[in-house]
**Q** 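One structure is given below, represented as structure tokens, and several questions about it will come after.
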Amino acid sequence: MTPHLLAATLPDGLTFAIAGVIALVGSLGVVLSRNPVHSALMLIMSLFGVAVLFVEQDAQFLAAVQVIVYAGAIVVLFLFVIMLLGVDRSEAIATEPMPAQRLMAVGLGILALVEIALLSRERWPLGAHSVAGKARGTGHSNVYVLGRSLFTTYLLPFEVTSALLVIAVIGAIVLARRPRTSAGPTEGEAAAAEAGGGPLVDAGELVGSGAPSAERRVEAEEALARAGDRIGEPVGEQEGLTVVRRPEQ
Amino acid sequence: MSVPADFYLTLSAVMFTIGAVGLLVRRNVLVMFMCVELMLNAANLAFITFARELNDVGGQIAVFFVLVVAAAEVVVGLGIIVAIFRRRVGATADDVHVLKG
Amino acid sequence: MLHAAFLIPLFPLVGFAVLVVGGRRLGNPLAGWLATAMVGLSFVTTVVVFAGLFERAPGRRSFTQTWWNWFSVDRLHVSAGVLVDPLSMTMALFVTGVSTLIHLYSIGYMEHDEQFPKFFLYLNLFVSSMLLLVLGGNFVMTFLGWEGVGVCSYFLIAFWFDRPSAASAGKKAMIFNRIGDAGFLLAMFLIYERTGSLQYQTVFARLGHVGGDSLVAIALLLFLGATGKSAQLPLYPWLADAMEGPTPVSALIHAATMVTAGVYLMCRISPILHLAPDAGHVIAIIGGATAFVGATIACAQTDIKKILAYSTISQLGYMFMAAGVGAYVAAIFLMLTHAFYKALLFLGAGSVIHAMNDEQNTKVMGGLRALMPITGGTFLVAWLAIGGVPPFAGFWSKGDVLLNAWGYSPALYVLGALTAVLTAYYLGRCYMLVFSGKARWVEARATGDGTSRGHAEPALEADTSNPNVPHERIAAPAGPASHGRLHPHDPGWVMTVPLVVLAFCSVFGGLINLPFHPSFVFLERWLNPVVGRALFNPHLGAGSEIIFAVIDAVLALFGVALAYSLWRTAVYRREVEPTFLERAWFIDWSYDRLLARNSTRMAAFTSAVVESRVIDGAVNGFAVLWRRSGTVLRRVQTGYVRNYALGIMAGLVVLLAWVASRTFS
Amino acid sequence: MILASATGFAVPHIDYTAILPELILIGGSLVLLAAGALNVRHLPTRVYSLLSGATGVAALIAGIVLWQKVHGGGHPLTAVAHSLVIDGFSTAFVILSACIIIVSSAIADGYLRREGIAGPEFHALALLGASGAMLMAAANDFIVIFLGLEIMSIPLYVLAALDQRRAESGEAGMKYFVLGAFSSAIFVYGIALTYGATGSTNLAQIAGYLATNVSTSNGLLLAGAGLLLVGFLFKVAAVPFHMWTPDVYQGAPTPATGFMAAIAKVGGFAALLRVFFSSFHSLEASWQPILWVVAVLTLVTGAVLGLVQRDVKRMLAYSSINHAGFILLGLQAASREGMSASLYYVFVYAFLVLGSFAVITVVGGRGDTSHAIESYRGLARRQPLLGFGFAVLLLAQAGAPFTTGFLGKLYVVEAAVRSHSYALAVIAMLTGAVAAAFYLRVVFVMYSLPAGEAAPAMALADGGALATGTEPAAAVAAPAGESRGGVLVAAPPEAPAGAATGAGGGLRLRAASLGIAPSTLAGIAVTVLFTLALGIWPAPLFSFVHAAGLLF
């Protein structure tokens, strides 16, 4: 017999249906929203839907983590970055510079879905039961069971995640640091760079601080030329140019 | 009686595919990255469902680690994105294709 | 005495090591003398070992010396060591002998080169590798030597690497050789797969369990390796370009030793060829065809070294013909005698080039016999020897090959006989143009017409303005005003002694394997323990042998006479120098035309993605084909990250589709 | 302890020697960071490099101790609640990772000083990345593999994007990151499906389950295995999951590229070999044909596209794809010899690629930009030792005899022939020949004259060009960033030829010289010596690899 949604009790079935629809709509929303901010909000919606499904399947702790960590921290980080980069404007997603790409993407997506569904036609879970320990029926809460498992069977992975967090910290420091534009800057230069304001001022700082030399000027011009690739608002451009002209005065 | 696993798993597969297709069709690199999060979520849903079905705590633990990894990945990924795009207008991945051939 | 075998390749290697460390300090000419001494010591050792082997009974003339266990892969145990048997010792003897002479000659020839120690360092390394090749006790050792000589050959072809033509010739040699090497490697894998060993004796002992098809495949793959190394059709064009190297290199590597490695390999695997007659067929036909094509091309070349290069290709074809037929003794016999007279020809050419201030065009030489008596005389001997005029060495060795060819297939004999006539003819033409007639170089220099008409390869024209051409400073500076001061003369003793010794060998070399009576065939009896079982027997009586000898002599004399009558006085005879032959049957040209040009057109068509540099260096079709697919394929690499992700997704879908198809079938 | 007993927790026994190499690397990175944080910009770069190298040495020693331990033991040990398995195989990769860290620290040192990149971050990230590769090699659980994969990959994303002055670096980082995250997501989904099909994420338990339960319809498992394979093949840059490779290799800072190429192959292949040889051994009939096709595509794409590149860095990226194909050859053979061969190849390749990118680092010059093949014109004349070293490394990659590269190719092809994959062996050989063409092109360019130079008399053109790195390199090695960055150049054309022949006399140092830091030179020398010495005398490495394979 094929399993049927109606076979479930009404509250369970209803919860699944509503949360599932929320998760699906959220997922589609992420892909289809023109504005990245909307995408992020849709992602939260989807995550909430999934969190409900977690609760529905006796994973209460993870549902909480999902909401707190994912929706609360990760997506907020996304939103911060969107605001920081100032890319919160709508994107013309109706136009596609590579039409074949979109067509093939959707085609491949459908194919992949069909294949995964086909491959798991029979009852999905097949494996041995409770290999790592029972999740239910132990007489303990979900948090207890998870915590116990983490500190015994999964002790090593748990400890190893610390390395991951160290990496995240270093990565964030390295990447967020303002690039130094010349080899071996003096302390003063570095400090000036650290204190610098808008992005395009970099090019000027090279010239402005320290002794103006021909080599530095060339580098500054190169930096400006590079900056020219990504000219933003005209104000920024003007700012950059005025700073560069300084040593010539 | 609760909802059969098939429904959860089908939902998970659909979300996974939506995420994958989204990564392929969107040009905004932040949205592409959100699509990756969708895919990870789909995997998490599958883990939880299998865990329930097998009455095994291993699947839930796996979700825990996937969450940690996702967090670390997001920090570094957003760092890279900020490093590149803070001097550009927009965050369109298509604009970044100096390297090719 | 046999235990000294390890010293044979060791001496040149020591020379190499010493020159690496202190070559520049030793300087010129001490470095050269050291290198020569090392090869000489190696020669002496070889003689000693040879004598030791000779003392043994014919059935016991095989000795394996294992140095160390080199590596073991599963069942495969490869040891570093040598196999001393009549075949390897014959090769070692002539390799060390000829090498010693050419080393000696080089001391004089390279006298004024700034890279003098480096040259000898490469030469010593070459000799060591070559000895490893011939003495190696298993396929892997032989292959190592095989690659080693290839690398040395490349370094020496491109020795004057600041000339673009030399660098490109080196590259060409490397590419053609790599194709052949792939064949060799595959053959090794197949041999190991089938027999579980790579040790010659073990492999040959286990051949009975190997299927016929596998044997043919092994033999043909090894032959592919040999065609690359020995410049046979269709992988021959590199040898003509290899003449960019210094002349002693041409003499040693591209005439006497390295290029004969392919023939040696064929003789070494004679037990395999014996069981795979189909492969022998192919080898004989390709050998015969190469012999003929090479000889025809040589008839219309004007560059003295190119004539000799195509002659070498042709003679190698002869040897392969013999090996394919199964006449291994004839192949080795021809190889030995050929080494003598071809080295002599090259060294003679070197002396001429030296004397003519780096001029290589025969059309502007002439009249040198009186000025350079020793060179002229020895060159004459070499001509008659290679032409097969009795009683010189070539007469006997070539006769032996032709005799076997007749027994195998009369068609092959006709091809060989035609080639024999052409050989006597084109070297006669060369000799006449260089040594007799008027001294054309005087007037050519006077009119400033140094290089005459339509030369196929401008790169090979004498480039007197290039300061890197050696000997520039010893002769008078180039230019129209200076030709009066060009005084060709015989070189010093270090260069003439090798000429004389080689001339002696060219005259009497035939004595080692005279026909007519079983007691004269020394070489055959000596080699019998190695190749005896596989040897082809043409079943001809002594009477017919004599008839064939007479026919051979007539053919040779006909060629000589033809050359004499046509070229004694004339310089230009368009009718016998068709462009078709001068441009080497347009084979290089068609490689270029058919493959490179098409890709040029395509490059124009896709100019947005393809740069003109894409066809840069597309000297042969192989590279062009790969390149062309590369330029098409690289368009997939668009630089868009979404495209890349699409690639991953497509791979995923295909992979899952395959998995699904397996699950539901 | 009190807490543990009160709650009934039995904390698993932790065998610290088993995880010592990883601990040392992670601890080393923390020490580096602490040193950096406490001495803001006061410590010179070489101190960090030294610390990093010392950490690598310590890890190497720990690895060797571990090797001695497992070498004697009969069956493999598992450590920390069966999360890790300590056997010859994992220990071999631990040792290799430690070697990579040592060499890479030496090479990066010169680069960091030349480019004025202060601070410990480069080394700290490299150390953490290497610890990730070690974890992948030793993992006995998919969760650990996944964590190891991320610990290895995330530092590599950052390293790729490290050079913020070049737009290409950022682009490389972004591409690597987006695609890496995509492949990780696929990988995780693969773990989920495998978990559903077998009930466990533990490799040993999966193997046990598959050995005892013969499922009539194992579609779910196959789908999971397929998705896992995609994740692995992405890491090792196999076609069609390779497309990030050329862009990332080209864009990333050169020493980071070398490190990335070496360590990603190590981690990726270690886990791939273990998972597919142990857990999914019973599915062999399904994955072998897939790997056949992937290997062919990888071999051909790498060779063909490498041929049309003019940027040496990009060319080597394609060459690394071609090498990945060769390594897959051993995996595809699905035999013990195949595994040993792949292991050997990974060892050999790691050193080759480190050395090659070290030379590229040097030639790249300040700003790390001159990577066009024209930059190499005449290199062997200006820098005989460097040119010779690079020639050796390239020839080894082309598979020239007397080098480790030749033996590596020999072993994998031999394994393929043994498993009757003749067509694959032939294709591999052919692509090897094609790839040789582009390696040789670089060698030729190096040994030809610089364009426009009127062929002056060369002072260094004799046997010195063939001397190995052990030769006194005084004239060649000099501190970076200084004008005396020792380059011996030809005497100027107007000088008399004779003046140039005296050692040192009449030589002029070119202003735009390549500075080679001694540490970088030492790194290159180590890789070249490794390549040559073990090419001529391969028995030690081979027996090591063989033992590692047997103890699997």
Side-chain angles (χ1 to χ4, degrees), chain A residues 112 115-132 140 144 147-149 151-164 166-187 190-191 202 219 222-223 226-227 229-230, chain D residues 7 9-12 14 19 22 26 29-30 33 41 79-84 114-118 121 124-125 128 131-132 135 141 143-144 147-148 150-151 154-155 157-158 161-162 164-165 167 173 193 195-202 205 209 213 215 217-223 366 481:
Chain A
E115 280 165 0
I116 294 175
L118 260 181
L119 276 170
S120 25
R121 223 168 24 163
E122 75 285 354
R123 282 196 66 239
W124 283 70
L126 296 159
H129 283 238
S130 307
V131 174
H140 293 287
Y144 178 87
R148 193 192 165 96
S149 220
F151 287 104
T152 54
T153 319
Y154 295 96
L155 181 63
L156 182 91
F158 181 71
E159 296 291 349
V160 155
T161 49
S162 62
L164 214 50
V166 172
I167 291 166
V169 171
I170 307 176
I173 293 172
V174 169
L175 292 166
R177 195 167 51 188
R178 201 154 294 291
R180 296 200 196 96
T181 19
S182 76
T186 60
E187 300 295 329
D202 278 0
E219 279 176 354
E222 279 169 6
R226 264 180 276 139
D229 297 344
R230 46 190 139 73
Chain D
T7 52
F9 267 51
V11 177
I14 299 173
I19 53 171
E22 287 92 337
I26 295 172
S29 77
L30 291 176
L33 287 175
R41 295 205 179 80
V80 201
H82 310 296
S83 299
L84 294 180
R114 185 181 72 199
E115 306 293 324
I117 301 175
E121 288 87 0
L125 287 169
L128 287 165
S131 76
L135 275 175
D141 194 304
I143 291 177
V144 180
L147 287 172
E150 293 296 328
I151 291 173
I154 296 178
Y157 305 150
V158 182
L162 198 70
Q164 296 192 25
R165 285 166 300 162
L193 296 188
Y195 170 68
T198 61
S200 177
T201 53
N202 191 289
Q205 269 155 356
Y209 177 81
N213 294 273
S215 173
S217 167
N218 52 3
L220 189 60
L221 177 64
L222 282 172
R366 263 176 73 149

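Proteins come first, then strands; the chains are lettered A, B, ... in the order of their sequence lines, and each starts at number 1. Model, not experiment: these values are computed from the prediction.
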**Q** Is it the case that the side chain of D:Gln164 and the backbone of A:Val174 share a donor-acceptor pair, with hydrogens and angles ignored and the cut-off at 3.5 Å?
**A**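 Checking the backbone N and O of A:Val174 against the side chain of D:Gln164, a donor-acceptor pair under 3.5 Å is found.
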**Q** D:Ser29: what forms a side-chain hydrogen bond (donor to acceptor under 3.5 Å, both in side chains) with it, not counting sequence neighbours?
**A**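 With neighbours one apart ignored, the set is empty.
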**Q** Can you tell me which portion of D:Thr201 sits under 4.5 Å from chain A's heavy atoms? Options are side chain, backbone, both or neither.
**A**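 Side chain only.
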**Q** If I take atom CD1 from residue D:Ile143 and atom OG1 from residue A:Thr161, how far apart are they, to the nearest 0.5 angstrom?
**A**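 Between atom CD1 of D:Ile143 and atom OG1 of A:Thr161 there are 11.5 Å.
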**Q** Which region of D:Ile151, side chain (C-beta onward) or backbone (N, CA, C, O), has a non-hydrogen atom less than 4.5 Å from a non-hydrogen atom of chain A, or is it both or neither?
**A**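 The answer is both parts of D:Ile151.
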**Q** For D:Asn202, is it the side chain, the backbone, both, or neither that has a heavy atom closer than 4.5 Å to a heavy atom of chain A?
**A**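 For D:Asn202, neither part sits under 4.5 Å from chain A.
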**Q** Suppose we screen for side-chain hydrogen bond (donor to acceptor under 3.5 Å, both in side chains). Which residues come up paired with D:Tyr157, at least two apart in sequence or across chains?
**A**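 If we apply the side-chain hydrogen bond (donor to acceptor under 3.5 Å, both in side chains) test to D:Tyr157, skipping adjacent residues, there are no hits.
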**Q** Considering only heavy atoms, which portion of D:Gln205 lies under 4.5 Å from any heavy atom of chain A: side chain, backbone, both, or neither?
**A**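 Side chain only.
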**Q** Roughly how far, to the nearest 0.5 Å, is the CD1 atom of D:Ile154 from the CG atom of A:Leu164?
**A**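 Answer rounded to 0.5 Å: 5.0 Å.
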**Q** Could you tell me the separation between the CG atom of A:Leu156 and the CD1 atom of D:Ile19, rounded to the nearest 0.5 Å?
**A**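 If I round to the nearest 0.5 Å, the distance is 6.0 Å.
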**Q** So which heavy atom on D:Ser83 is nearest to which on A:Thr153, and how close?
**A**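 Taking D:Ser83 first and A:Thr153 second, the nearest heavy atoms are OG-O, 3.6 Å.
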**Q** From D:Leu128 CG over to A:Ile167 CD1, what is the distance, rounded to the nearest 0.5 angstrom?
**A**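 Here the rounded value is 4.5 Å.
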**Q** Output the option from D:Leu33, D:Leu222, D:Ile26 having the highest count of non-hydrogen pairs under 4.5 Å with chain A.
**A**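 The candidate making the most pairs under 4.5 Å is D:Leu33.
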**Q** With a 4.5 Å cut-off on side-chain heavy atoms, are A:Val160 and D:Leu135 touching?
**A**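 They are in side-chain contact.
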